[in-house]
Amino acid sequence: MTGTPGVYEGPGAADGRRADDARELLPTATPARTRTAVRELLRPRRALAWTAFATMAAATAVGLLTQPLLGHIVDLVTDRRDAGALTLPVVLLVAVAAGQGVLTAIGRTMVSRLGETVLAELRERFVERALRLPLDRLEKAGSGDLTARVTRDVSRVAEAVRGALPQLASSVLAIVLTLGALAVLDWRFLLAALLAVPVQAHTARWYVRRAVPLYARERVATGAQQQQLLDTVSGAATVRAHRLEALHAGRVDARSRAAVDLRLRGLRLLMGFYNRLHVAEYLGLSAVLVAGYVLVRDGSASIGTATAAALYFHSLFGPVNVALVLLDDAQAATAGLARLVGVVDAREQTGSGRPGFEEPGAGEPGPRPAVGVSVSGVSHAYEPGRPVLHDVDLELRPKEKVALVGASGAGKSTLAKLLAGIHVPAAGRIEVGGAAPDESGRTVALVTQEVHVFAGRLADDLRLARPGADDEELREALARVGALVWAEALPQGLDTVVGEGGQRLTADRAQQLALARLVLADPPVAVLDEATAEAGSLGARRLEEAAERALEGRTALVVAHRLSQAAAADRVVVMEEGRVAESGTHDELRAADGPYAALWRAWSAERAADAERAADGAGLSEP
């Protein structure tokens, strides 16, 4: 039901005068907060997590029986035993392979299910919180920052969950249990294998210290690149009009080069990481082979035991490399995760900053108390030093309908969005029923001229305002705004698919649909920001009547596109240059012969001229 406001770009957004370093990017969570958020997401799924861990541990333990069996076979061959002695070890090897395969499949399935459910909840929290951020907060950050988080950061985390997480869990278990198996064979084999650990630990630390800030910078650079592309494309007409193509192409090139340079630095860092790992593998394997030679020579171990030890260490190559290599994916995913958690945790000083009454369970039937609105000393600016509103005071009595009129740029829409909680005032206070708009129990609804028809069944589109509404309640809401006749005339009635890929609705019908959602949500306070402006002259009167019926019994602020709406209001407030210039009834303001009277005369003269032209046209068309 809430209209989709246009993005305020501010002066210079298209002509390149606004610098990227002036943007206030959305917050990024600290590493400690990111870890805490992951624990919070895992807490309700502890049973699944422990079961998955136990299954993966069992699969790894079963797999570790392979090396002793192979060592036993070596000892049998060394002792020149007959071929029949090899039957049992070979059968056991096949059983071990089968058992490990089955347990690994089950364990990885559980880990994947755990990761996907956690990721799904994180995505839902991210989207919910992003939608609740004040619009001016998003505008200061730029849509490129949010777009990069929604696309690349979510993709990186998803890839890590689907691929890296199961592999990492399996690898860590394999490393720990294999080192334990080496100790069981002989503690000296374990000591020799651990010679590789200092090199590997130093390599991991060297990589992480460089990778974490590098990947964080890459994410920011990618966001800046996308923001520059969006600014250039959205302002293409202005860019061409001012002949700024070369300037904007240069900025896109600079942002792209910065992102590519950081990516290349990451690749060079990764290559150095691999080279250091190879050195660790060489040192460790050499030490285990030397230890095996010494122990076999001294009779402390058999050739089969030494073979099993060498195979154990060799089997560590894969898990260790996977675990360390996955640091690359882990660091990229962690950087993305921190950016997602930062948005999920985002809080403004005054709360969510958005009315958000479409939540499940909102708008359920029930008594609605009459609510008044108080605006005290409110000032607001989209950019520092360029105020749009100046010390505005306004009172809306319960169930009073107030029309807000004034020239374009007077601050009408800004005041409407502040009252609805879309923006947070820079100074002053707005109270709805004694509380801030975002703390008032979802009591304010906003309908603008830019409404959205959601893709899906018409009935589902309506139920966004009241999920529990039955078909009869939907029909009553449509009938109240004069939309039931055309809605039931659709090919499948309320089951007709509308929006993208379905039945397209005209502008006036889309507005009626938005007004019907307003009726279903049933908020005590409604704000209409030129909600009938897009209908055109033919549907204007019909939409004005629909809006009147939708507002019955509510406290209402109507940003009037046509002064006929102001004439029908209980009170008219005139705004000039961000200030309240006049306030009173239609008749009082006409008699005062002030700004409203001048607007009324100009509007009436225009209507008379339109009627005269229409009459002349009708006369010319007669035979």
Side-chain angles (χ1 to χ4, degrees), residues 1-3 363 368 396 398-405 412-413 416 420 444-453 458 461-462 465-466 469 472-490 493-494 498 505-573 585-587 590 596 599-600 603-604 606-608 610-611 614:
M1 177 176 62
T2 303
R368 291 287 186 177
L396 275 71
K399 297 188 178 181
E400 181 185 27
K401 178 184 174 184
V402 175
L404 202 59
V405 301
K412 305 185 300 298
S413 292
V444 184
L446 171 69
V447 180
T448 74
Q449 60 180 313
E450 299 173 355
V451 298
H452 182 72
V453 178
L458 179 62
D461 196 307
L462 289 166
R466 188 192 295 172
E472 187 58 34
E473 289 173 318
L474 301 185
R475 291 188 176 90
E476 289 177 2
L478 290 169
R480 186 168 174 180
V481 298
L484 183 59
V485 174
W486 65 256
E488 292 188 329
L490 293 174
L494 295 182
V498 296
L505 300 182
T506 60
D508 57 334
R509 290 184 174 183
Q511 284 289 359
Q512 284 179 300
L513 186 60
L515 292 171
R517 289 199 292 261
L518 172 64
V519 172
L520 285 166
D522 196 22
V525 180
V527 178
L528 268 59
D529 185 5
E530 298 189 351
T532 63
E534 294 295 324
S537 58
L538 293 178
R541 186 57 190 166
R542 181 170 61 251
L543 270 185
E544 288 178 12
E545 292 174 353
E548 287 288 336
R549 290 192 292 270
L551 294 177
E552 288 177 1
R554 312 182 202 284
T555 306
L557 180 69
V558 179
V559 178
H561 177 70
R562 297 176 177 84
L563 291 190
S564 56
Q565 295 173 291
D570 299 323
R571 186 158 50 100
V572 179
V573 173
T585 66
H586 169 72
D587 292 333
R590 284 188 62 193
Y596 180 76
L599 288 172
W600 181 263
W603 183 74
S604 299
E606 185 179 352
R607 286 187 67 193
D610 290 342

Between [atom1] on residue [X] and [atom2] on residue [Y], distance to nearest 0.5 Å:
X      : Y      : atom1 : atom2 : value
Thr585 : Arg590 : OG1   : CZ    : 11.0 Å
Gln565 : Leu404 : CD    : CG    : 11.5 Å
Asp529 : Leu557 : CG    : CG    : 9.0 Å
Leu528 : Leu543 : CG    : CG    : 10.0 Å

Show the nearest heavy-atom pair for residues [X] and [Y], with the distance to one decimal.
X      : Y      : result
Gln512 : Gly482 : NE2-O, 3.2 Å
Val405 : Tyr596 : CG2-CD1, 4.0 Å
Ala403 : Ala569 : CB-CB, 3.7 Å
Leu551 : Ala526 : CD2-CB, 3.6 Å
Ala556 : Leu396 : O-CD2, 3.6 Å
Ala477 : Leu520 : CB-CG, 3.7 Å

Suppose we screen for side chain to side chain donor-acceptor pair (under 3.5 Å). Which residues come up paired with [X], at least two apart in sequence or across chains?
X      : value
Trp603 : none
Arg480 : none
Glu476 : none

Test of understanding: with side chain to side chain contact (heavy atoms under 4.5 Å, CB included), list the residues that count as partners of [X], not counting sequence neighbours.
X      : value
Ala479 : Leu484
Thr506 : Asp508, Arg509
Ala546 : Val481, Leu515, Arg549

Subject >> Audit row: Val451, Leu513, side chain to side chain contact (heavy atoms under 4.5 Å, CB included) steps and yes/no >> reply: CA-CA 9 Å; Val451 298; Leu513 186 60; over 6 Å; no

[Y] and [X], any side-chain heavy atoms less than 4.5 Å apart:
X      : Y      : answer
Pro523 : Leu518 : yes
Leu474 : Arg466 : no
Leu462 : Arg517 : yes

